[in-house]
Each structure stands twice: as C-alpha cells, then as structure tokens.
Trainee: 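Supplied in structure tokens, the structure appears directly below.
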Protein chains: 2
Amino acid sequence: MPKPKDEQKLAAIHLQTMRLVNTTGFAALKMADVAQAAGIATGTLYVYYKSKEALINAVYLNTKLEIIDVLLDNAHANPDYFLTFKNMWTAYMQYCMQYPEKMLFVEQFIYSGLIAEEVIAQTEAKLIPLNQFLTYGQQKGLIKRMDIELIKAQMQGAITETIKFLTKQQQTLTAVQLNDCFAMTWDALRR
Amino acid sequence: MPKPKDEQKLAAIHLQTMRLVNTTGFAALKMADVAQAAGIATGTLYVYYKSKEALINAVYLNTKLEIIDVLLDNAHANPDYFLTFKNMWTAYMQYCMQYPEKMLFVEQFIYSGLIAEEVIAQTEAKLIPLNQFLTYGQQKGLIKRMDIELIKAQMQGAITETIKFLTKQQQTLTAVQLNDCFAMTWDALRR
DNA sequence: ATAGTAAATGAATAATTATTCGACTTACAT
DNA sequence: ATGTAAGTCGAATAATTATTCATTTACTAT
C-alpha cells in the first residue's frame with residue numbers, strides 16, 4: 001500500500017490559495033507561490049491537482065459548498081417565519097465576517113470564466129431549498145411577490161458588498177450595525 | 001508636426017479590453033488579443049499604454065468616472081427628495097443595463113490588487129456628493145440613520161448582483177421588474 | 001523486516017506571453 | 001514639395017511561469 005495523500009497538506013493548499021488570491025489578486029497567483037506558502041514542493045502540488053485550473057475549481061467548489069451549508073443549516077423549521085429568516089441571515093452574515101476570504105474568493109471567481117459550468121451547476125442545485133424557503137414566504141404573504149432571483153440578488157449583493165467594505169476597512173460590524181443591516185434587508189423583502 | 005494619436009484606436013482599445021475581460025475573464029487577457037480585437041498591431045498598443053497594468057488602470061479610471069457621472073448627473077436639486085432619489089437610481093440602473101460590460105469590468109477590478117491606490121482614491125473623492133445627498137436625506141428624516149457606507153453597500157451591492165444575474169441570463173428588467181427592484185432598495189433605506 | 005506502491009522533491013523544460021525594436025508610413029508645418 | 005516627429009507594424013526577444021520527470025522518501029500490508 002502506498003503512502004496516502006496528506007489531508008493537512010490539502011487543507012494548507014486550499015487555505016494558501018485563497019489567501020494569495022485575496023491578498024495579491026488572481027493575476028498574481030503562481031503555482032510555485034502556492035506550493036511555497038503551503039510548505040510543499042511545486043511538483044507535489046501536481047500530485048494533488050493536475051493543473052492550476054483544477055486547483056482553482058476545487059477550492060471554489062469546496063468553499064462554495066461550505067458556504068451554502070452554513071446558509072441552509074440555519075433554515076430550521078421554526079414556526080415563526082420571520083425568526084427563521086433572521087436566524088439564517090444572521091448566521092450567514094456572521095460566518096462571512098469570520099471568513100471573509102472564503103466569501104471574497106468565491107465572489108471573485110463566479111464570473112471569472114475559469115470555473116467549469118458543471119461546477120457552477122452543482123452549487124446552484126444545492127441552493128434550491130433557499131428558493132423554496134423564499135417562495136413559501138411569498139405564499140404566506142410575508143415576502144414581496146417578485147422574481148425570486150431578483151430577491152436573492154438584493155440579499156446576496158448587499159451582503160457581498162458589505163463584506164468587501166468591511167474587509168477593506170479591516171473591521172467587522174458592531175451588534176448594532178449587524179441589526180441595522182438586517183433591518184435594511186428585511187425591509188427590502190417584506191411586503 | 002507629427003501624426004496624432006488616433007482617438008478611434010483608443011476607443012477601440014478600451015472597448016475590446018472590457019469585452020475580453022468580461023467574456024473570457026481577466027486571467028485570459030493577453031495584450032496580443034487586445035491588439036488584434038482592436039484592429040492594431042501589438043506594438044502599437046504600447047504607443048498608447050506602456051504596460052498591461054497601465055492599460056487596465058486607464059480603462060478602469062475612464063469607465064469608473066463615466067459611471068459616477070451618470071449617477072451624479074441625475075442628482076438634480078429637485079425639491080422632492082424621494083423623486084430625486086428615484087430618478088437617480090433609475091437612471092443609474094438603466095445605464096448599467098445598457099452597458100453591463102462597463103459595470104462588470106469595474107466591479108471585477110476594484111479588489112483585484114491591480115488598480116493603483118491613487119486611482120481608487122481619485123474615484124472615491126468624486127463620489128462625495130452622493131454621500132452628502134444621503135446625509136441630507138437622513139437629516140430630513142427620510143433615510144435610516146446608520147453608517148452611510150453600509151447604506152451605499154446595500155444599494156450598490158443589490159445593483160451589481162442584479163446586473164450580474166441579468167447578464168448571465170442575457171436579459172434586462174421589464175418596466176415592472178425595474179419598479180420592483182427600486183421598491184426593494186427604497187424600502188431598505190427609508191425610515 | 002521487507003517489498004511494493006505512491007507521495008514528495010526541485011531542477012529542468014516547455015509554454016506562454018509581455019515587451020522591445022528597427023524598418024516603414026503618415027500627417028502636418030513650413 | 002519636403003522635413004520630421006510620431007504613429008504603425010509584426011517578428012524577435014526576454015521574462016515569466018506552468019508543468020514534467022528522474023530520483024528519493026515514507027507509508028502500509030504481509
């Protein structure tokens with residue numbers, strides 16, 4: 001039996017790839033840099049990923065799935081729709097503040113033309129429960145009756161832009177500001 | 001007297017740079033491709049811009065300033081704050097739908113690490129009137145009293161994300177949808 | 001222990017691509 | 001008309017960087 005792949009190395013590769021992309025931009029991402037930052041040889045990187053493109057796609061998929069899990073894990077079947085929504089949104093926002101590099105990495109690559117169509121499709125499929133949750137809110141007369149995609153764009157866009165701003169300023173939201181931001185999003189969506 | 005630089009070539013360079021970045025992603029942007037798409041020789045490109053980085057920065061600055069102009073040109077001193085706000089937002093959104101490539105290009109580069117700090121500062125300075133307009137709305141008790149930057153993030157994020165979605169779907173908003181989107185943004189900001 | 005297998009290494013190589021350069025053309029002032 | 005400063009061209013060059021590969025190392029099952 002052979003020596004197994006090292007989970008820690010894999011984790012280091014993912015972390016450093018995100019870190020490098022977020023600090024120096026994608027244009028400057030070099031395989032040799034990733035390897036060095038992860039503490040392995042350049043050639044070793046190719047044991048784990050057959051190309052730079054494969055590396056980016058793997059980190060993207062991994063991260064995006066993790067983010068979606070955070071979002072949906074908090075969609076508990078609470079009888080109070082508003083509370084459920086607030087819990088979901090808040091948990092998601094807090095996660096994004098805790099790991100802005102993950103959120104920003106994903107954002108940077110959705111429209112980069114580098115992510116395989118199949119990978120995009122896979123992540124979108126996993127988001128179906130969110131659509132159902134919003135549709136249910138519309139049926140109960142709590143959410144504005146308009147295209148679900150426009151509603152999601154409003155919500156996600158606000159979060160993304162806020163995180164970008166916070167990252168640039170190297171700060172996070174106070175509890176009051178977190179509530180303020182939620183108020184804006186809820187007021188935008190409520191009927 | 002020498003032969004002057006060709007304004008049409010310059011315009012073609014800018015247009016094709018944006019087009020290429022938006023269709024194939026920044027990673028795939030090659031100077032030779034830009035030159036070919038603009039109908040000039042590779043060497044000629046270097047008459048207009050001394051490096052790839054200078055090219056990107058110029059296209060960024062140009063485009064960003066144009067977008068800010070659209071936004072502020074519509075901030076007429078209308079006595080009705082709501083109407084002024086609605087006009088501004090609508091004109092901005094319509095412009096973004098008409099030239100999504102400009103908006104997406106700018107978005108893609110703000111956090112790329114490629115745009116010079118000085119260029120970013122220059123564009124932000126030009127946005128001061130928008131801050132004043134929002135502060136005025138707060139003073140009149142029409143806009144929620146919270147950090148202006150969080151308010152801007154809410155507005156800008158929603159627009160950006162919506163344009164990204166529309167572009168992916170190759171569609172634009174119907175008149176009804178445009179109103180719906182405005183309603184969400186206004187409800188988010190109003191007291 | 002030991003053999004077998006795959007991971008790990010990093011220098012060498014292959015590709016890719018930004019940039020330069022010398023020959024040539026063009027537009028304008030005189 | 002003519003000189004000239006600058007534009008134009010695209011092949012050649014210089015850099016950069018992804019990828020390969022011969023070799024070494026480490027792990028696991030027997």
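Predicted model, so just to flag it, every value in this text is computed and none were measured. So you know, we letter chains A, B, ... as the sequences are listed, proteins then strands, and number each from 1.
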Trainee: Would you call the rings of A/Y136 and A/Y81 parallel, tilted or perpendicular, where under 30° means parallel and over 60° means perpendicular?
Mentor: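 Tilted: the ring planes of A/Y136 and A/Y81 meet at 30° to 60°.
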Trainee: With a 4.0 Å heavy-atom cut-off, tell me which residues in residues 24-46 of chain A come close to DNA chain D, sorted by residue number.
Mentor: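 A/L29, A/K30, A/M31, A/T42, A/G43, A/Y46 - these, ordered by number, are the residues of the stretch whose heavy atoms sit under 4.0 Å from the strand.
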Trainee: Cation-pi between A/K140 and A/F82: NZ/CZ under 6.0 Å from ring centre and within 45° of the ring axis?
Mentor: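 Cation-pi check for A/K140 and A/F82: fails.
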Trainee: Look at the side chain of A/D33 and the backbone N and O of A/L20, then say whether any donor-acceptor pair between them is shorter than 3.5 Å.
Mentor: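 Answer holds: no.
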Trainee: Touch check for A/Y48, heavy atoms < 4.0 angstrom, all strands: base, sugar-phosphate only, or nothing?
Mentor: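 Sugar-phosphate contact only - A/Y48 comes under 4.0 Å of backbone atoms but never of a base.
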Trainee: Can you check whether A/A35's main-chain N or O pairs, donor with acceptor, with A/Q16's side chain at less than 3.5 Å?
Mentor: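 No, the answer is negative, given that no donor and acceptor are paired below the 3.5 Å cut-off.
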Trainee: Does any residue of residues 6-15 of chain A have a heavy atom under 4.0 Å from DNA chain C, and if so, which ones, in number order?
Mentor: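 Listed by number, they are A/D6, A/K9.
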Trainee: What's the spacing between A/L166 CG and A/M93 CE if we round to 0.5 Å?
Mentor: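 A/L166 atom CG to A/M93 atom CE measures 6.5 Å (nearest 0.5 Å).
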Trainee: Look at the rings of A/W186 and A/F182 and say which category their plane angle falls in: under 30° parallel, 30 to 60° tilted, over 60° perpendicular.
Mentor: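 Rings of A/W186 and A/F182: parallel, as their planes differ by under 30°.
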Trainee: Rounded to whole angstroms, how far apart are CG on A/L20 and P on D/dT17?
Mentor: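 Checked: the CG to P distance equals 13 Å.
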Trainee: Find the distance between CG (B/D73) and OH (B/Y92) and round it off to the nearest 0.5 Å.
Mentor: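 With rounding to 0.5 Å, CG (B/D73) is 13.5 Å from OH (B/Y92).
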Trainee: Test A/D187 against every option in B/R191, B/K144, B/R190 by the side chain to side chain donor-acceptor pair (under 3.5 Å) rule and name the one that passes.
Mentor: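 Per the side chain to side chain donor-acceptor pair (under 3.5 Å) rule, the option paired with A/D187 is B/K144, out of B/R191, B/K144, B/R190.
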Trainee: Rounding to an integer number of Å, can you tell me how far A/K50 NZ sits from C/dA6 P?
Mentor: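 Going from NZ in A/K50 over to P in C/dA6 covers 19 Å.
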